[in-house]
Amino acid sequence: MKMTVPGGAGPGVVAGTVALWSSVGHSPGGGAGPVPETGWMVLPEFQGRGLGKRGVRMLLELAREEGRWGLVHAFPATGNTPSNGICRSLGFRHLGEVDVSFADRVLRSNHWVVGPRTDLI
């Protein structure tokens, strides 16, 4: 997990987070095995500045350098235009829509996947 810190910000100012973890809840095709999953959040007062995209790119570059994650999946809600735009602009491939359980509710999400070594734009 990494924190997104805006350039020129004072100490302790955090704009959001980006994370990469092994997830067992959203395996492609309904399989039980874990898959690498990424997710991010940018606080409202920092949105629209490209911080989310830069944070996701940096995390995927770290994953590429480590060489241990393989294909990375993301599941932004279908109505989350900015997060889906991040996926599209960084080279993720859209695999379709899926229902994802999150915080005791089901969200309709887009399923995206990217190979940090081969697909990252």
Side-chain angles (χ1 to χ4, degrees):
M1 179 169 289
K2 301 291 183 185
M3 290 185 277
T4 305
V5 178
V13 175
V14 176
T17 61
V18 60
L20 178 59
W21 66 95
S22 183
S23 173
V24 294
H26 313 309
S27 297
V35 297
E37 182 177 346
T38 186
W40 52 90
M41 178 278 304
V42 177
L43 294 169
E45 61 267 31
F46 295 102
Q47 292 174 0
R49 301 182 193 182
L51 296 173
K53 180 179 177 180
R54 284 196 299 265
V56 174
R57 173 185 292 288
M58 290 174 69
L59 190 69
L60 292 172
E61 288 171 348
L62 286 170
R64 179 177 57 206
E65 290 169 16
E66 289 180 3
R68 70 182 185 106
W69 289 99
L71 293 176
V72 175
H73 300 258
F75 299 91
T78 55
N80 187 334
T81 302
S83 286
N84 284 290
I86 287 171
C87 291
R88 192 175 299 105
S89 69
L90 291 178
F92 283 75
R93 292 182 311 277
H94 186 247
L95 300 182
E97 292 184 10
V98 294
D99 288 327
V100 173
S101 295
F102 179 76
D104 296 326
R105 58 187 179 148
V106 177
L107 301 174
R108 190 68 178 164
S109 299
N110 283 312
H111 182 180
W112 296 90
V113 65
V114 67
R117 287 192 215 165
T118 57
D119 301 327
L120 187 59
I121 295 175

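A side chain to side chain contact (heavy atoms under 4.5 Å, CB included) with Val100 holds for exactly one of Ser23, Pro76, Ser109; it is Ser109.
No path of Ile, Leu, Val, Met, Phe, Trp and Tyr side chains, each step under 4.5 Å between heavy atoms, connects Leu95 with Ile86, placing them in separate hydrophobic clusters. Residues Trp112 and Val72 share a hydrophobic cluster, clusters being chains of Ile/Leu/Val/Met/Phe/Trp/Tyr side chains in contact below 4.5 Å.
For the pair Asn84 (side chain) and Gly79 (backbone), a donor-acceptor distance under 3.5 Å is absent.
Within 6.0 Å of CE in Met58 there are 12 or fewer heavy atoms belonging to other residues, nucleotides or ligands.
Smallest separation of non-hydrogen atoms from Cys87 and Ala74: SG-CB, 4.0 Å. Taking every heavy atom of both residues into account, Val114 and Leu90 meet most closely at CG2-O, 4.3 Å. Shortest non-hydrogen contact noted between Ser101 and Val106 is OG-CG2, 4.1 Å.
Applying the salt bridge (charged side-chain N to carboxylate O under 4.0 Å, His left out) rule to pairs touching residues 60-88 yields Glu66-Arg68, sequence neighbours excluded. Counting only residues at least two apart or in different chains, salt bridge (charged side-chain N to carboxylate O under 4.0 Å, His left out) contacts with residues 40-55 are absent.
Ala15 meets the side chain to side chain contact (heavy atoms under 4.5 Å, CB included) test with Thr4, Pro6, Phe46, Leu51; sequence neighbours excluded. Judged as a side-chain hydrogen bond (donor to acceptor under 3.5 Å, both in side chains), and not counting sequence neighbours, the contacts of Glu97 are Arg108. Evaluation of the side-chain hydrogen bond (donor to acceptor under 3.5 Å, both in side chains) rule for Ser83 yields Trp40, Asn80 as partners, not counting sequence neighbours.
Note on ring orientation: taking the six-membered ring where Trp is involved, the planes of His73 and His111 are tilted (angle from 30° to 60°).
Annotation for Trp21: hydrophobic cluster partners, listed by chain and number, are none (ILVMFWY side-chain heavy atoms under 4.5 Å, direct or chained).
To the nearest 0.5 Å, atom CD1 of residue Ile121 and atom CZ of residue Phe92 are 10.5 Å apart. Distance CH2/Trp69 to CD/Glu37: 11.0 Å, rounded to 0.5 Å. To the nearest 0.5 Å, atom CG of residue Leu20 and atom CG of residue Leu59 are 5.0 Å apart.
Between Val18 and Thr38 the shortest side-chain heavy-atom distance falls below 4.5 Å.
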